[in-house]
Each structure stands twice: as structure tokens, then as C-alpha cells.
Amino acid sequence: MIWSLIVGAIIGMIAGAITSKGKSMGWIANILAGLVGSAVGQALLGTWGPSLAGMALIPSIIGAVIVVAVVSFFLSKMNN
């Protein structure tokens with residue numbers, strides 16, 4: 001369980017760095033983005049590639065990038 005949170009946080013930080021939104025997100029948001037993104041990525045792309053803590057890394061990172069981009073888009077629309 002703790003290992004999944006750590007891997008989720010790392011995936012979320014990578015997604016935040018790729019989308020340039022990582023600095024505005026806190027560590028809890030990074031964990032959530034990583035865990036939700038992992039589920040989304042694996043549902044859309046499957047479980048191929050290297051795996052860590054039960055998460056396929058490449059689909060998880062792609063899914064987390066999607067989640068961060070979508071959430072950032074909606075948050076920016078709500079603030080305007």
C-alpha cells in the first residue's frame with residue numbers, strides 16, 4: 001500500500017513535469033494524479049511495459065499526463 005502511494009507520487013510528479021503543472025500541484029495532488037492516472041492509463045492502454053508496485057509505468061505516466069491536463073483545463077476554466 002505505501003509502495004503504491006510512493007510510486008503514484010512519482011508518476012504524478014513526472015506527469016506534472018511533462019505538463020508543466022507540477023509546481024502548482026501539492027504532493028497529495030501528485031499522488032492522486034499518479035494513482036488515478038495509473039488506472040486511466042492501464043484501462044485505455046493496457047498493462048504493457050515495465051511494472052512497479054502493480055502499475056505498468058508507461059501507460060500509467062501517459063494516463064497521469066491525461067488526468068493532469070484535463071484537471072488543469074477545467075480548473076483554469078473555473079477560475080476565469
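Because only heavy atoms are used, hydrogens play no part in the values below, and waters and symmetry mates are left out as well, while side chains stay in. Keep in mind that what you see is a predicted model, and the values were worked out from it rather than measured.
Note: L52 CG to S38 OG = 10.5 Å, rounded to the nearest 0.5 Å. The CD1 atom of I11 sits 12.0 Å away from atom CD1 of I6, with the distance rounded to the nearest 0.5 Å.
The two residues Q42 and A56 make their nearest non-hydrogen contact at NE2-N, 3.5 Å. Closest of all the heavy-atom pairs between M55 and S60 is CB-OG, 3.8 Å. In this structure, I31 and A9 approach most closely via the heavy-atom pair CG1-CB, 3.4 Å. Closest heavy-atom contact between A64 and A33: CB-O, 3.6 Å. For G37 against V67, the heavy-atom pair with the smallest separation is CA-CG2, 3.8 Å.
When the side chain to side chain contact (heavy atoms under 4.5 Å, CB included) test is applied to A53, the partners found at least two apart in sequence or on another chain are W3, S4, V7.
Looking at P50 and I58, their side chains come closer than 4.5 Å, going by heavy atoms from C-beta outward.
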- Message: Could you go through I18 and I61, starting from their C-alpha distance and side-chain angles, then the distance that decides it, and tell me whether this counts as side chain to side chain contact (heavy atoms under 4.5 Å, CB included)?
- Response: CA-CA 10 Å; I18 290 171; I61 292 170; 4.1 Å; yes
